[in-house]
Amino acid sequence: MPIGGKLILRPGLKMPSYKEAVQIQQRLREKVVLKPPLGFFPHLVAGTDVSYSREDKMFYAVVVVLELKSLSLIEKQVVIGRTEFPYIPGLLSFREAPFLIKAIAKLKHRPEVILVDGQGIAHPRRIGLASHLGVLLQIPTIGCAKSRLVGTYGHLPDRAGFYSILKDKGEEVGIVLRTRRGVKPIFVSPGHLMDIKTAYQLVIRCLKGYRLPEPIRMAHIVANQTRLAVTRQG
DNA sequence: GCGACAG
DNA sequence: ATCTTGTCGC
């Protein structure tokens with residue numbers, strides 16, 4: 001069965017109201033599993049990112065699949081589209097998830113885990129973009145955000161690999177990880193079928209000397225290149 | 001009411 | 001996210 005085979009995709013159609021979106025999240029959050037599958041030893045790791053063009057108001061959603069061992073590109077898929085759903089902190093899923101799901105569904109290679117540019121459970125209702133995608137696709141996911149949405153954390157040494165626990169309302173929802181010396185840390189949190197320890201170990205294995213883990217960094221580059229290529233021509 | 005606020 | 005030039009630091 002193809003990835004996300006049973007999903008009913010309706011991007012661009014019925015846009016949920018703020019209240020409806022929150023209700024959907026409260027229903028999905030109950031399905032989030034904070035433990036990796038038995039014998040979780042991924043071989044293929046995916047990364048996602050979305051770039052946006054303000055002039056044509058188009059989204060460029062990208063998913064790349066890398067071989068974990070070598071961090072080399074295996075496959076990439078791009079989906080271009082438009083949405084009317086605005087950016088609202090806490091409701092990012094309703095803006096980006098439809099396009100990312102379409103892109104992931106096009107993959108010939110099924111990734112065993114996906115690194116998502118956004119939060120996992122480090123979210124007001126514990127259902128950030130990474131968790132949302134994981135539940136819908138039933139694939140382990142990890143949220144890797146470049147800034148904080150919720151939670152507090154302590155001092156972080158300026159040394160690659162060091163981290164501080166991210167806590168929100170008394171719960172440990174992720175870590176703030178220094179992926180490289182001299183740069184701002186990233187916010188790593190479990191999405192679905194994932195826990196903090198496993199997420200940390202995997203992100204560390206995906207680092208290649210840059211601030212962002214290679215799958216997300218590569219997806220970001222592809223998204224921007226695609227957007228610029230389209231914007232520049234037609 | 002005020003400040004915070006993934007992309 | 002995107003819009004933007006130069007500039008500071010390893």
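Throughout, protein chains are lettered first and strands after them, A, B, ... in sequence-line order, and every chain is numbered starting at 1.
Look at A:Tyr87 and the base of B:dG7; the rings stack, centres closer than 5.5 Å and planes less than 30° apart.
With rounding to the nearest 0.5 Å, the separation of CD1 in A:Ile114 from NE2 in A:His192 is 11.0 Å. Going from atom CG of A:Leu166 over to atom CD of A:Glu172 covers 9.5 Å, rounded to the nearest 0.5 Å. We find the OG-CG distance between A:Ser131 and A:Leu28 to be 10.0 Å, quoted to the nearest 0.5 Å.
Looking at A:Leu177 and A:Val203, their side chains come closer than 4.5 Å, going by heavy atoms from C-beta outward.
Comparing atom distances between the A:Leu129 side chain and each of B:dA4, B:dA6, C:dT2 picks out B:dA6 as nearest. Ranking C:dC3, B:dA4, B:dG7 by closeness to the A:Arg227 side chain, first place goes to C:dC3. For A:Gln119, the listed nucleotide lying nearest its side chain is B:dA6; candidates were B:dA4, B:dA6, B:dG7. For A:Asp49, whose side chain is taken as the heavy atoms from C-beta onward, the closest listed nucleotide among C:dT2, B:dG7, B:dC5 is B:dG7. Checking B:dG7, B:dA4, C:dT2 against the side-chain heavy atoms of A:Arg95 singles out B:dG7 as nearest. In the set C:dA1, B:dG7, B:dC5, the nucleotide with an atom closest to the side chain of A:Ser51 is C:dA1.
At whole-Å resolution of the value, CZ in A:Phe94 and C1' in B:dA6 are 14 Å apart. Here B:dA6 presents its C1' atom at 13 Å from NE2 of A:His220, a figure rounded to the nearest Å. Between A:Asn224 atom CG and C:dA1 atom P there is a gap of 8 Å when expressed in whole angstrom units. Here the P atom of nucleotide B:dG7 and the CD1 atom of A:Ile186 are 11 Å apart, to the nearest Å. As a whole-Å value, the separation of A:Lys57 NZ from B:dG7 C1' is 18 Å. B:dA6 atom P lies 14 Å from atom CD of A:Gln25, rounded to whole Å. In this entry the distance linking CG of A:Leu92 with P of B:dA4 reads 21 Å, nearest Å. The CG-C1' distance, from A:Leu100 to B:dG7, rounds to 11 Å in whole Å.
For A:Tyr60 and A:Tyr52, the ring centers sit 6.0 Å or farther from each other. Ring centroid separation for the pair A:Phe187 and A:Tyr153 comes in under the 6.0 Å cut-off.
Regarding contacts with the backbone of C:dA1, every side-chain N or O of A:Ser53 stays at 4.0 angstrom or more from both OP1 and OP2. Remark: A:Arg54 is not in phosphate contact with C:dA1, judged by side-chain N or O atoms under 4.0 Å from OP1 or OP2. Checking the phosphate oxygens (OP1, OP2) of C:dA1, a side-chain nitrogen or oxygen of A:Lys146 falls inside 4.0 Å.
At the heavy-atom level, A:Arg180 lies nowhere under 4.0 Å from the strands shown. Residue-level contact check: A:Leu91 touches the bases, meaning some heavy atom is under 4.0 Å from a base atom. No engagement by A:Arg181 is indicated, since no non-hydrogen atom pair under 4.0 Å with the nucleic acid exists. A:Gly90 comes within 4.0 angstrom of a nucleotide base, judged by non-hydrogen atoms across all strands.
For the segment residues 150-164 of chain A, the set of residues with a heavy atom within less than 4.0 Å of an atom of DNA chain B is empty.
The existence of a salt bridge linking A:Arg126 and A:Asp168 is confirmed by a sub-4.0 Å separation between a basic side-chain nitrogen and an acidic carboxylate oxygen.
Ring geometry for A:Phe99 against A:Phe59 counts as parallel: the plane angle stays under 30°, on a 0 to 90° scale with 60° as the upper cut.
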